[in-house]
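Chain A is the first sequence line, chain B the second, and so forth, proteins listed ahead of strands; every chain is numbered from 1.
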Number of protein chains: 2
Amino acid sequence: MNTLSAEVLCPVERKRTLGRRLPAAMECLAKVARCKTGEPIYCQEDPAHFWYRIVTGAARSCVLLADGRRQIVDFLMPGDLFGVGEGQAHLFSVEAIIAETTVARYPRRRVEVLAESDVEVGRQLRETAFNSIMRLQQRMLLLARTRAIEKVGSFLIEMADRSSPATENTVALPMSRYDIADYLAIAVETVSRALTQLRQRGAIVLDSSRVVRIIDRGALQEGCTVRH
Amino acid sequence: MNTLSAEVLCPVERKRTLGRRLPAAMECLAKVARCKTGEPIYCQEDPAHFWYRIVTGAARSCVLLADGRRQIVDFLMPGDLFGVGEGQAHLFSVEAIIAETTVARYPRRRVEVLAESDVEVGRQLRETAFNSIMRLQQRMLLLARTRAIEKVGSFLIEMADRSSPATENTVALPMSRYDIADYLAIAVETVSRALTQLRQRGAIVLDSSRVVRIIDRGALQEGCTVRH
DNA sequence: CGATCGTTTGAGGTTCCTCAACAAGTGTGG
DNA sequence: CCACACTTGTTGAGGAACCTCAAACGATCG
């Protein structure tokens, strides 16, 4: 009975699905573009004429709030499909966060038409959407954590699970502390302090400020796991 | 350029989509069941053999965390489809929260097969999934709010937008303060205090503890809106 | 070399959580 | 019908966690 609950925390199954390419019929509609660091892939309120997929690199999906805060809605990694099903205009901005980020662009209308004629494409899109829903639900549980140290701990585990299995315990964070703070909805200083505290507890080692080695996975999840 | 951003806050378009019935081909697979208050519709880790839709009443989708807290993942209202695309077992429990809650149950396998043969069903399911994603993203922005009073304010607006348009300014909350607290990831006392404060500011009137009249919508959204 | 950015640490103030008490409403059994 | 327990909602007091402001340091870049 724990097989599924394990999936909640260690989304290996999901990773496989997200990482793989889309059906050939859809891939041949794609055009690939290259983005510099900080360069927007699209902006909030731009007409949503395309769907996108990260090929290499990483990006952040974010929104500016009225109080001046920036909320990062998601970090996008290779294989992630985004900008999908958003009505007439994009609800968020998406910007590359590391150099050499390449993005595949799919014309929305043509994909929608394709989905109605090609059963396989339709099924794949539904599956992708369902996976997004699961990831969003996990993110909601993360944001719902009350303590900053639990948020940061869960974040590190999320990043570890999303990176390649080979380097599961050494995470190279592509984003700054500011990005992490806006993702977790806490202050930058609090992120820094939480990392320091996790280091002092022996849960992690900071090889550099952007490279984290996870020593004690259990300590990171402390109080963050689902009860059985 | 504000058409879309308005949709972010006042999801009228979404409501219409969610409220309407699914295609006839899918509806005829459904069986309707009745649930008492507090009765589970399904439990966390139950095999996910069915999809569900609320016909009348309301329900809460929740998860128990290791620290004993209960996180409510979503409130489900008439028309809402749930339990969809969850792998082999349900990730959350769903319980009715008011008497006379009726739920339609769709056999998952048969719906999936149907979606591959019936283009209309497939399209409708994708649309539903995309709508869920938009709602989840809105919920994420809600949880990302830093102040309790903003969370409660946004919550009231969310509930107002999800109830019938006729009663848009008078919201009958089907859930207790405890449910609201677990939904917003704050303490019950904080929910109560935030409502009192909103009442004192003249933003709302409490006709009874469960019936809220929204007087000043702007005051509820204070600092919660997206910047343009 | 100065400027800027990213990261870390400290000090003080604010918000929220915890514990506690109380009031009102609901159901139950004598 | 009333006494009682229980649930639900509200309010107060004290303490913990986090945010804000400030400063310092290293790295990168022009």
Side-chain angles (χ1 to χ4, degrees), chain A residues 36-38 60 65 67-72 95 97-99 143-153 155-156 172-201 204-212 222-224, chain B residues 36-38 60 65 67-72 95 97-99 143-153 155-156 172-201 204-212 222-224:
Chain A
K36 294 172 199 160
T37 308
R60 61 177 172 232
L65 302 173
D67 59 4
R69 272 199 326 123
R70 177 189 65 165
Q71 178 61 39
I72 292 185
E95 305 158 4
I97 49 178
I98 61 179
L143 275 176
R145 300 305 321 172
T146 52
R147 294 186 203 297
I149 200 166
E150 297 174 1
K151 286 189 179 184
V152 174
F155 169 75
L156 290 177
L173 300 172
M175 71 290 286
S176 72
R177 300 283 189 266
Y178 287 92
D179 286 338
I180 299 175
D182 290 345
Y183 183 67
L184 302 178
I186 56 182
V188 202
E189 297 90 333
T190 308
V191 175
S192 188
R193 276 186 257 265
L195 285 170
T196 303
Q197 218 170 328
L198 287 172
R199 187 163 49 74
Q200 286 168 348
R201 288 185 191 177
I204 59 171
V205 169
L206 289 173
D207 288 346
S208 80
S209 70
R210 298 269 183 114
V211 177
V212 181
E222 201 105 316
C224 304
Chain B
K36 294 174 199 158
T37 309
R60 62 179 171 231
L65 302 173
D67 59 4
R69 272 196 330 122
R70 176 190 67 166
Q71 178 62 38
I72 292 184
E95 306 158 4
I97 49 177
I98 62 179
L143 275 175
R145 300 308 318 172
T146 50
R147 293 187 203 298
I149 200 164
E150 296 174 1
K151 286 190 178 183
V152 174
F155 169 74
L156 290 177
L173 300 172
M175 70 292 285
S176 71
R177 299 284 190 267
Y178 288 91
D179 285 338
I180 299 175
D182 290 345
Y183 183 66
L184 302 177
I186 55 181
V188 201
E189 297 91 333
T190 309
V191 175
S192 191
R193 276 186 257 264
L195 286 170
T196 302
Q197 220 170 328
L198 287 172
R199 186 162 49 75
Q200 286 167 347
R201 288 186 193 176
I204 59 170
V205 170
L206 290 173
D207 288 346
S208 79
S209 69
R210 298 268 185 115
V211 177
V212 181
E222 201 104 316
C224 305

Between its two end axes (five pairs each) the helix from C:dC1-D:dG30 to C:dG30-D:dC1 turns, nearest 10 degrees, through 30°
Looking only at non-hydrogen atoms, find the nearest pair between A:Ile180 and A:Met175 and report the distance.
CG1-CG, 3.6 Å
Can you measure B:Leu173 atom CG to D:dT8 atom P for me and round it to whole angstrom units?
15 Å
Less than 4.5 Å apart, side chain to side chain, heavy atoms only: is that true for B:Leu198 and B:Leu156?
yes
Between A:Arg199 and A:Val205, is there a side-chain heavy-atom distance shorter than 4.5 Å?
no
Could you state the CG-P distance from B:Asp182 to D:dT8, rounded to the nearest angstrom?
12 Å
In whole Å, what is the span from the OH atom of B:Tyr178 to the P atom of D:dG9?
8 Å
Under the salt bridge (Lys or Arg N to Asp or Glu O under 4.0 Å) criterion, do A:Arg147 and B:Asp67 qualify, and how do the steps go?
CA-CA 12 Å; A:Arg147 294 186 203 297; B:Asp67 59 4; over 6 Å; no
Mind running salt bridge (Lys or Arg N to Asp or Glu O under 4.0 Å) on B:Arg177 and B:Asp182 for me, showing each step along the way?
CA-CA 9 Å; B:Arg177 299 284 190 267; B:Asp182 290 345; over 6 Å; no
B:Ser176 has its side chain closest, among C:dT8, D:dG9, C:dG6, to D:dG9
Minimum heavy-atom separation for B:Ile204 to B:Leu195, with atom names?
CD1-O, 3.8 Å
Between C1' of C:dC17 and CZ of B:Arg69, the distance in whole Å
11 Å
Could you tell me the separation between the CD1 atom of A:Ile180 and the C1' atom of C:dT8, rounded to a whole number of Å?
14 Å
Quick one: what's the B/S/- string for nucleotides 11-20 of chain D, heavy-atom cutoff under 4.0 Å, read 5' to 3'?
BBB---SSSB
Write down the distance between CD (B:Gln197) and C1' (C:dC16), rounded to a whole number of angstrom.
12 Å
Touch check for A:Arg210, heavy atoms < 4.0 angstrom, all strands: base, sugar-phosphate only, or nothing?
sugar-phosphate
With a 4.5 Å heavy-atom cut-off, do B:Ile97 and B:Glu95 have their side chains touching?
no
Decide yes or no on salt bridge (Lys or Arg N to Asp or Glu O under 4.0 Å) for A:Arg70 and A:Asp179, but give the supporting numbers first.
CA-CA 9 Å; A:Arg70 177 189 65 165; A:Asp179 286 338; 2.8 Å; yes
Student check: side-chain heavy atoms of A:Gln71 and A:Arg69 closer than 4.5 Å:
yes
